[in-house]
Every structure is written in structure tokens, then in C-alpha cells.
Amino acid sequence: MVLLHVKRGDESQFLLQASGSTELEELTAQVARLYNARLKVQRVCSEMEELAEHGVSLPPNMQGLTEDQVEELKLRDEWGDTCVPSGGAVFKKDDIGRRNGHAPNEKMKQVLKKTVEEAKAIISKKQVEAGVCVTMEMVKDALDQLRGAVMIVYPMGLPPYDPIRMEFENKEDLSGTQAGLSVVAQAEAQLWWAAKELRRTKKLSDYVGRNEKTKIIVKIQQRGQGAPAREPVLSSEEHRQLMLHFHRRQEELKKLEENDDDSCLNSPWADNTALKRHFHGVKDIKWRPR
């Protein structure tokens with residue numbers, strides 16, 4: 001199996017294994033699905049951290065409004081009374097005004113936060129350093145764990161407009177958001193390797209050969225964005241070590257230049273006539289008055 005190190009720009013994303021005979025049409029779609037699924041988990045984790053701190057989301061027409069504006073417009077959060085966390089709520093106002101402030105108690109908060117940490121670990125970029133390949137099944141398992149934690153804390157479910165519920169139901173609207181810019185449409189995805197686009201009409205072996213033990217770095221890109229930047233000759237860690245070595249060497253040379261002490265020239269081993277006097281038998285002759 002060929003090992004693919006998938007990157008987006010210069011950032012590592014995940015490792016993926018694929019056979020050399022895999023059609024690039026299928027492989028490109030698989031990489032795009034996995035890349036977007038990881039982004040979904042990250043978005044859900046981010047929203048669940050807010051859920052643990054400030055409770056469920058307010059209706060869209062109430063978000064960002066002050067209490068006086070809500071009273072003046074006679075708006076009401078109909079789901080606020082229904083979506084009460086298990087064990088009771090603790091009021092913690094959301095300064096941004098996106099959530100109603102009725103947060104879960106400490107025990108339920110820890111359930112959400114612990115699950116979020118476990119889900120983040122599954123899709124973490126540190127999996128690349130550990131040599132662990134991420135699969136679609138792993139990402140789905142992370143989503144299932146997050147969904148289960150939400151059901152424990154909110155057995156009645158979340159409001160239909162809550163971003164977490166919309167993500168679980170695949171109804172999220174990312175248009176006009178920063179998160180939407182990160183998503184790569186499956187039909188528009190491209191894979192690049194060695195400054196070459198991997199054409200969907202070919203197989204992976206047409207580019208990397210038939211050696212199934214090959215490891216390559218591929219970059220996922222949206223069609224129309226041009227070729228991504230090539231990989232640097234040295235990694236950031238190798239560059240750091242090289243600069244550290246040069247700095248140490250410069251310090252050593254600087255110390256040698258400052259050390260101009262020539263007292264060692266008076267030592268016996270520095271006498272260039274010592275051998276001659278030894279053969280003449282005049283070694284260690286001392287003159288003193290009788």
C-alpha cells in the first residue's frame with residue numbers, strides 16, 4: 001500500500017493508505033471526503049465547547065441583541081424552556097449573544113469536554129507524527145461519540161437551528177463563513193504531488209510506479225487555485241537544527257579569536273631547539289656562580 005501524507009498548503013492533515021492500482025478519480029474523492037469530514041468534527045467540537053459553557057443556541061433572530069432589544073421587539077426563545085440540560089442549568093451569560101446562557105452543571109460539562117478531547121485526539125494532526133492512518137470509520141466514530149455526549153446532556157435534543165444539530169443532520173450552512181472557505185468541494189478537489197497534478201483519469205501507479213512501499217506527500221487543492229507551493233528542501237525541524245549548529249560553530253570560533261594567550265609558548269614542548277640540545281648533550285644545563 002502506498003502511504004499518502006496529505007497536506008493542505010504547508011499544514012499536515014492526515015495519513016492515508018491506498019493501493020497503487022487505485023483510480024485517481026476514486027482516490028481524490030476519498031481524500032476530499034476525509035478532509036471535509038475532519039473539518040466537520042472540528043466545527044462540532046468548537047460548538048460543543050461553547051455549548052458546555054453557555055448552553056444552547058438562541059434563535060437566529062435573537063442572536064446579538066441586548067435584553068432591552070429583545071423586550072422591545074417582543075421576541076421569545078421558545079426552545080429555551082424545553083432544552084434544559086440533565087441535572088439542571090447554571091446561568092452563565094454569553095457575552096457574544098449567540099447562546100442563552102443556561103449552561104450544564106459541572107458534571108455534565110465535563111462529559112461534553114471529555115468527549116470533545118477524545119474526538120479531537122482521533123482527528124489530530126499529531127496522528128501524522130505517530131504514523132497512524134486516519135480512516136472514514138474513525139471520523140464517523142468521533143462524530144458518533146460527540147452525538148452520544150450531546151444526547152446524554154440534552155436527552156430531549158437541541159433546537160433545530162442549533163449549529164451542532166445542523167451539523168449532525170448535515171444541514172449546516174457555511175456560506176459566507178470562514179469555515180466555509182476551508183471546505184474543498186469533492187467535485188472540485190485536486191491532488192498535487194511533485195509539482196504535478198494527479199489527473200483523475202489515471203491511476204496512482206502511473207505517477208509513483210508499482211512499488212507499494214512508496215511514501216509520498218500530496219496536497220489537496222480546490223480547482224482554480226493553481227499549483228500549491230512546493231515542499232521545502234529542509235523541514236522546519238531540520239532547518240532549526242542546522243541554524244543551531246551554525247550558531248554554536250560561530251560561538252566556538254568567536255571564543256578562539258578572543259583567546260590570544262601565548263604563555264604556552266614558554267612550555268618545554270613548545271621549544272623548537274629542544275631536540276638539537278638533546279643530541280648535543282647540553283640539556284638541562286644550569287649556570288650558577290660557585
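Here, residue 1 is the first one in the sequence, and each next residue gets the next number.
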Worksheet item: Between the main-chain N or O of Gln42 and the side-chain N or O of Ser46, is there a donor-acceptor pair closer than 3.5 Å?
Response: no
Please list every donor-acceptor pair under 3.5 Å in which a side-chain atom of residues 134-143 meets a protein atom from a residue at least two apart or in another chain.
from: Thr135; atom 1: OG1; to: Met138; atom 2: N; distance (Å): 3.3
from: Asp141; atom 1: OD2; to: Gln145; atom 2: NE2; distance (Å): 3.0

Practice prompt. Apply the side chain to side chain contact (heavy atoms under 4.5 Å, CB included) test between Cys45 and each candidate in Leu112, Ile123, Leu146; give the one that qualifies.
Written response: Leu146
Practice prompt. Please answer: with hydrophobic residues joined when any side-chain heavy atoms are less than 4.5 Å apart, are Ile217 and Val208 in the same cluster?
Written response: no
Worksheet item: Do Glu47 and Ser57 have a side chain donor and acceptor closer than 3.5 Å?
Response: no
Response to the item:
Closest heavy-atom pair, Ala52 versus Lys109, reported as atoms and distance to 0.1 Å, is O-CE, 3.4 Å
Worksheet, complete the sentence: Residues pairing under salt bridge (charged side-chain N to carboxylate O under 4.0 Å, His left out) where one sits in residues 116-128, two or more places apart or in two chains, turn out to be Glu11-Lys125, Glu49-Lys120
Item to complete: Tell me, please, which residues at least two apart from Arg249 pass side chain to side chain contact (heavy atoms under 4.5 Å, CB included).
Response: Glu252, Leu253
Worksheet item: Is there a side-chain contact between Phe14 and Leu34 (heavy atoms, below 4.5 Å)?
Response: yes
Practice prompt. Kindly give the heavy-atom pair with the smallest separation between Glu212 and Ala18, and that separation in Å.
Written response: OE1-O, 4.3 Å
Item to complete: Any pair with a residue in residues 177-194 that passes salt bridge (charged side-chain N to carboxylate O under 4.0 Å, His left out), sequence neighbours left out, goes on the list, sorted by first then second residue, please.
Response: Glu188-Arg223
Worksheet item: Is there side-chain contact between Gln241 and Leu244, with at least one heavy-atom pair below 4.5 Å?
Response: yes
Worksheet item: If Ile, Leu, Val, Met, Phe, Trp and Tyr residues are connected whenever their side-chain heavy atoms lie under 4.5 Å apart, and connections chain through other members, are Trp79 and Val150 in the same group?
Response: no
Discussion item. Donor-acceptor check, side chain of Asn100 to backbone of Gly80, threshold 3.5 angstrom: yes or no?
Written reply: no
Discussion item. Surrounding CD of Glu78 (heavy atoms of other residues, nucleotides or ligands, distance under 6.0 Å), is the total greater than 12?
Written reply: no
Practice prompt. Could you list all the salt bridge (charged side-chain N to carboxylate O under 4.0 Å, His left out) pairs where at least one residue sits in residues 66-75, not counting sequence neighbours?
Written response: none
Discussion item. Here's a test for you: under salt bridge (Lys or Arg N to Asp or Glu O under 4.0 Å), which of Lys113, Arg98, Lys93 qualifies with Glu53?
Written reply: Lys113
Discussion item. By the side chain to side chain donor-acceptor pair (under 3.5 Å) test, which pairs, at least two apart or in different chains, include something from residues 147-163?
Written reply: Asp77-Tyr161, Arg99-Asp162, Asp144-Arg147
Worksheet item: Near Glu237 CD, under 6.0 Å, is it more than 12 heavy atoms from other residues, nucleotides or ligands?
Response: yes
Worksheet item: For the hydrophobic clusters of this structure (ILVMFWY residues joined by side-chain heavy atoms under 4.5 Å, transitively), does one cluster hold both Trp193 and Ile220?
Response: yes
Item to complete: Please check if Val84 and Val56 belong to a single hydrophobic cluster, counting links between Ile, Leu, Val, Met, Phe, Trp and Tyr side chain heavy atoms closer than 4.5 Å.
Response: no
Worksheet item: Is the closest basic N to carboxylate O distance between Lys202 and Glu197 below 4.0 Å?
Response: no
Practice prompt. Identify, with sequence neighbours excluded, every residue that meets ring pair (Phe, Tyr, Trp, His ring centres under 6.0 Å) alongside Phe246.
Written response: none
Discussion item. Looking at every non-hydrogen atom in both residues, tell me the closest pair between Tyr207 and Arg199 and how far apart they are.
Written reply: OH-N, 3.0 Å
Worksheet item: How long is the span from the OH atom in Tyr35 to the NZ atom in Lys7, to the nearest 0.5 Å?
Response: 14.0 Å
Just list the side-chain donor-acceptor pairs under 3.5 Å for residues 20-33, sequence neighbours left out, or say none.
from: Ser21; atom 1: OG; to: Ser19; atom 2: OG; distance (Å): 3.0
from: Thr22; atom 1: OG1; to: Ser19; atom 2: N; distance (Å): 3.3
from: Thr22; atom 1: OG1; to: Ser19; atom 2: O; distance (Å): 2.7
from: Glu25; atom 1: OE2; to: Arg200; atom 2: NH1; distance (Å): 3.1
from: Thr28; atom 1: OG1; to: Leu24; atom 2: O; distance (Å): 2.7

Worksheet item: Are Val90 and Met108 joined in one hydrophobic group, where the rule is that I, L, V, M, F, W and Y side chains link up if heavy atoms are under 4.5 Å apart?
Response: no
Response to the item:
With sequence neighbours left out, the residues meeting side chain to side chain contact (heavy atoms under 4.5 Å, CB included) with Glu251 are His247
Discussion item. Restricting to salt bridge (charged side-chain N to carboxylate O under 4.0 Å, His left out), what partner residues turn up for Asp173, sequence neighbours left out?
Written reply: none
Item to complete: Could you list the residues that satisfy side chain to side chain contact (heavy atoms under 4.5 Å, CB included) with Val128, not counting sequence neighbours?
Response: His5, Ser12, Leu15
Response to the item:
When Arg38, Gln127, Lys219 are each screened for side-chain hydrogen bond (donor to acceptor under 3.5 Å, both in side chains) with Gln13, the one that passes is Arg38
Worksheet item: With sequence neighbours excluded, what pairs up with Leu73 under the side chain to side chain contact (heavy atoms under 4.5 Å, CB included) test?
Response: Leu65, Leu75
